Structure formats: C-alpha cells, structure tokens
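Reviewing the structure listed below.
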Amino acid sequence: MFVVVGVSGGIAAYKTVTLVRALVTNGHEVHVVPTEDALRFVGTATWEAISRHPVTTSVHDDVAEVRHVALGTRADLVIVAPATANTLAKMSAGIAGDLLGVTLLATTAPVLVAPAMHTAMWEHPATQHNITTLRSRGVQVIGPADGPLTGGDSGPGRMVEPEEIAAAAEALLAPRRDLADRIVAVSTGGTREPLDPVRFLGNRSSGRQGAEVALAAAARGARVRLVAGHVDDGVLAAAAQHPSIEITRVSTAADLHEAMRGASAGADVVVMVAAVADFRPQTVSDQKLRKEDGDGTATLSLVANPDILLDLVAHRVPGQRIVGFAAETAADDAELLERGRRKLARKGTDLLVVNRVDWDRGFESPDNEAVLLTADGPVGRARGTKREVADALWDAVAALPPVDH
Ligand code: C5P
C-alpha cells in the first residue's frame with residue numbers, strides 16, 4: 001500500500017522513525033512529508049534512508065509531475081505523527097502552505113493523526129475544537145497518551161508509541177487484506193544463459209516489478225514464494241526483510257523453471273514477472289572463448305528454452321490463477337492491445353499484464369504503465385509506480401470471475 005507519513009515539528013518526531021521503519025517492514029511504500037519545523041528534530045537524510053524515497057517539504061519540486069498533488073491522490077493512507085497543535089489547526093482550517101498541507105487537501109484516503117503537545121495546549125478549547133472538526137470529517141485520532149512530557153511536566157499530550165500507530169494504520173488498510181492466508185508464487189528478474197565461464201546472454205530486467213508484486217501480495221496477507229533471477233540485493237531488500245516472503249535465487253531459465261514448478265505446487269496464484277531468456281547457447285564452453293581462436297567473426301548457435309508459463313498453465317491445479325506479463329514494443333496502444341490479446345490466447349493465463357517497453361521505457365525505471373487484460377478484454381489500466389501497478393494487478397485478480405478450470 002502507498003502510505004504517506006506527515007511529520008510535524010515536535011520532539012516525538014524521533015519516534016516516527018520507528019513508525020516508518022515498521023510500515024516499510026510490513027511491505028508498504030512509504031513517503032515521508034515533514035514540515036520545515038520537523039526537520040529541526042529529525043533531518044532529511046534519516047527520513048530518506050528509512051523510507052527509501054526522496055523527501056521534500058516543498059511544493060515546488062517535480063512540478064511537471066504535479067508531485068504535490070500526486071502524493072495525496074496516490075495515498076491509500078495518510079498518517080500525521082506527531083501532529084502538533086499548529087498542524088492540527090492548519091488541517092482544520094485547510095491551510096495548504098507546504099507539501100504536507102497540500103497532500104492532506106488532495107487526498108481522499110483515510111487520515112490518521114497522532115497528536116503530541118503539552119497538556120495545556122491539548123486541553124485548550126482551540127485545539128479541542130479543531131480535533132472535533134477533524135473527527136467530524138472522518139479523521140481518525142489516536143492518543144495522545146497520558147504520561148511524562150518534555151520539560152518535566154506530566155499529563156495527556158504524549159504521542160502514542162509507534163507500534164500502536166502502526167497497528168492502527170494496518171487496521172485502516174485492512175479492508176484490502178484480500179489475500180489473507182493465500183499462497184502466492186512470483187518470479188522476477190532476468191535469467192542468464194552462460195556462454196563460457198565468464199560470459200552470458202542476459203537482459204535488462206531489474207526485478208523491481210516482481211519485487212513489488214511480492215510486497216503488495218504480502219501486504220494483503222499472502223504468504224509469498226518469490227523466485228528471483230539476477231536482481232540487485234537492494235531491489236530485494238524490503239522483500240528479504242518481510243516475514244511472509246521466502247526468496248529463492250536462481251540463474252538460468254532452467255533453474256527458474258525448476259524453482260517455479262516447486263513454488264507453484266499448492267499456490268493459489270502464480271505470477272510470472274521474470275524476463276526469461278527464450279534461447280540459450282547450444283553448447284557452453286568450459287574454457288573462456290578466445291577471439292584469437294577465430295577469424296574475426298563469431299557465430300552463436302542457440303536452442304529454445306521451454307516456455308515456463310505455458311508449462312505452468314498446462315500443469316495448473318483446479319482453482320489456481322495464473323498471471324503472465326508481456327513486455328512489448330509497439331507503435332501505439334492499438335498495436336499493443338492486439339499483441340497482448342494474441343499472447344493471452346497463446347499462453348492461456350487468467351490475466352496478462354501488458355506493458356510497452358522501449359530503449360528508455362519500462363525496464364530499470366521505478367515507474368511503469370500497463371494494461372490488464374483477460375480473455376474478455378481489458379479490465380484496467382495502471383500507471384504509476386511499480387507498486388501501484390502491482391496493487392492494480394492484485395485488484396484485477398480479486399475481480400476475476402469464479403474459476404471454471
Ligand atoms: O512470450 P513472452 O516472452 O513475451 O511471454 C512473457 C511471459 O511469459 C512472462 O510472464 C514471462 O515470465 C513468461 N515466459 C516464460 N518462459 C519463457 C519466456 C517467457 O515463462 N521461456
């Protein structure tokens with residue numbers, strides 16, 4: 001899920017670092033939006049390192065991407081922790097002077113606030129009035145807790161503990177735990193077909209999209225078996241920490257085939273995101289191939305690898321859903337759809353995620369754009385981060401008609 005964590009300027013901001021970490025560990029895509037004041041307590045570098053996303057307080061960054069509105073419109077949940085008296089007053093009045101204010105106005109997602117301030121400020125009629133206004137608009141308020149405050153006083157005003165805020169956040173996101181107790185097998189990354197001990201045939205797949213498909217499934221409650229080809233450790237970092245994701249690393253198409261056969265056994269849903277090499281060298285040399293041995297030209301003989309997806313569809317157990325990906329170069333949308341339709345018919349999957357690739361589109365980028373296709377035609381279009389495309393995929397799987405195989 002896409003979670004925005006707004007941080008305002010209170011000492012409790014240091015505890016919000018733990019909250020952000022918990023949300024990331026639970027598999028969410030977390031974007032931190034501090035106020036200028038919050039940065040006096042915890043700096044940008046900490047928020048970026050913990051959330052793994054760039055952090056800004058300004059509405060003037062990435063103007064072309066309309067980032068200031070995008071965070072709010074993309075969010076599945078916005079949390080403000082700590083929420084100071086000042087920030088609560090601004091929220092109540094709808095003031096949009098910084099990125100957090102704009103995000104809060106642009107969102108239709110649930111909003112959870114964790115107030116933190118001195119007892120006198122919390123009990124002031126102005127703050128109480130603002131809290132009542134926010135509650136009447138559906139804002140969820142957690143805390144404040146009663147206890148020792150900065151400066152030696154004691155009373156209501158402490159921000160509740162990060163673990164409690166994380167649990168409240170999960171409860172608000174819970175309606176989409178539609179994969180609870182389901183087993184999901186996902187492949188990701190590129191395969192490598194060796195030519196000799198030092199060379200291989202590979203491709204540009206980063207493995208990001210498949211990692212996001214796995215994280216999105218885990219966030220919805222699934223137990224995930226993730227089979228990863230050649231993927232940087234950094235891309236798999238969040239998945240590797242997730243208690244519901246088990247990762248198997250593979251190298252060649254043959255390795256991936258064997259691992260996916262195992263992973264698919266007993267799985268409710270299988271998603272083949274991996275970029276599998278269609279061909280492998282006919283012979284693999286034991287020795288490094290030397291240019292001195294040739295006449296200035298070289299010929300590679302290749303043999304076809306099995307189509308793993310076809311094989312998984314052929315051996316699927318009753319009720320199992322199978323999803324394929326199709327990365328296509330196409331002149332326009334119509335050609336892309338036509339290629340997708342033909343591929344879906346050939347592969348026999350329940351769903352095909354069709355995306356356009358090019359020299360500078362699709363691979364290696366954090367964003368993606370895809371059409372979700374079933375035998376009945378397109379059922380959706382996803383455009384945004386690879387996490388958003390992953391969530392659109394799971395929404396489409398949930399909306400598939402009852403199984404007839
Ligand atoms: O035919 P094409 O390679 O475009 O199909 C892409 C889909 O098929 C992806 O889901 C990919 O993971 C899968 N695939 C496969 N085995 C292959 C080639 C592709 O499972 N040898």
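Numbering of ligands and ligand atoms starts at 1, following listing order. Note that the numbering runs from 1 along the sequence shown for the chain. Fair warning: this is a prediction, and the values are worked out from it, not measured in the lab.
Among all protein heavy atoms, the one lying closest to atom 20 (O) of ligand 1 is L309 N, 2.8 Å. Here the protein heavy atom with the shortest distance to atom 16 (N) of ligand 1 is I308 N, 3.0 Å. Nearest non-hydrogen protein atom to atom 7 (C) of ligand 1 is F325 O, 2.9 Å.
The N/O atoms of K343, backbone and side chain alike, include one that comes under 3.5 Å of an N/O atom in ligand 1. At least one N/O-N/O distance between K347 and ligand 1 falls below 3.5 Å. Considering backbone and side-chain atoms together, V276 places no N or O closer than 3.5 Å to any N or O of ligand 1. For a threshold of 3.5 Å applied to N or O pairs, the pair formed by V273 and ligand 1 contains no separation below that value.
Annotation: side chain of D391 is in contact with side chain of R220 (closest heavy-atom distance under 4.5 Å).
With ligand atoms numbered from 1 in the order given, ligand 1 contributes 11 (C), 12 (O) to contacts under 4.0 Å with heavy atoms of A274. Atoms of ligand 1 lying under 4.0 Å from at least one heavy atom of G324, given by number and element, are 10 (O). The M272 neighbourhood of ligand 1 comprises atoms 9 (C), 10 (O), 12 (O), 15 (C), 20 (O), with distances under 4.0 Å to a heavy atom of that residue.
With respect to E338 and R341, a salt bridge is recorded, a charged nitrogen being found less than 4.0 Å from a carboxylate O.
For the salt bridge (charged side-chain N to carboxylate O under 4.0 Å, His left out) condition, the pairs that include at least one residue of residues 226-242, sequence neighbours left out, are D233-R249.
Taking a 4.0 Å cut-off on heavy atoms, M260 fails to register as neighbouring ligand 1. Under a 4.0 Å heavy-atom criterion, A253 is not in contact with ligand 1. In this structure, H257 does not count as a contact residue of ligand 1, since none of its heavy atoms falls inside 4.0 Å of the ligand. Ligand 1 has P306 within reach: a non-hydrogen atom of the residue lies less than 4.0 Å from it.
Atoms CE and CG, on M1 and D76 in that order, are 5.0 Å from each other to the nearest 0.5 Å. Atom CD1 of I308 and atom CG of D311 lie 8.5 Å apart (nearest 0.5 Å).
Between L149 and P156, the shortest heavy-atom contact is CD1-O, 4.4 Å.
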Donor-acceptor pairs under 3.5 angstrom involving side-chain atoms of residues 84-96: please list them, not counting sequence neighbours.
unit_1	atom_1	unit_2	atom_2	d
T84	OG1	T87	N	3.1
T84	OG1	T87	OG1	3.3
T87	OG1	S8	OG	3.4
S92	OG	N130	OD1	3.1

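Considering R21, E170, Q241 in turn, E170 is the only one that fulfils the side chain to side chain donor-acceptor pair (under 3.5 Å) rule with N26. Evaluated for a side chain to side chain donor-acceptor pair (under 3.5 Å) with N368, the options K386, E212, Q209 yield exactly one hit, Q209.
Counting heavy atoms under 4.0 Å from ligand 1, residue D278 touches it through the side chain alone.
Looking at H28, its side chain never comes within 3.5 Å of a backbone N or O of V30 through a donor-acceptor pair.
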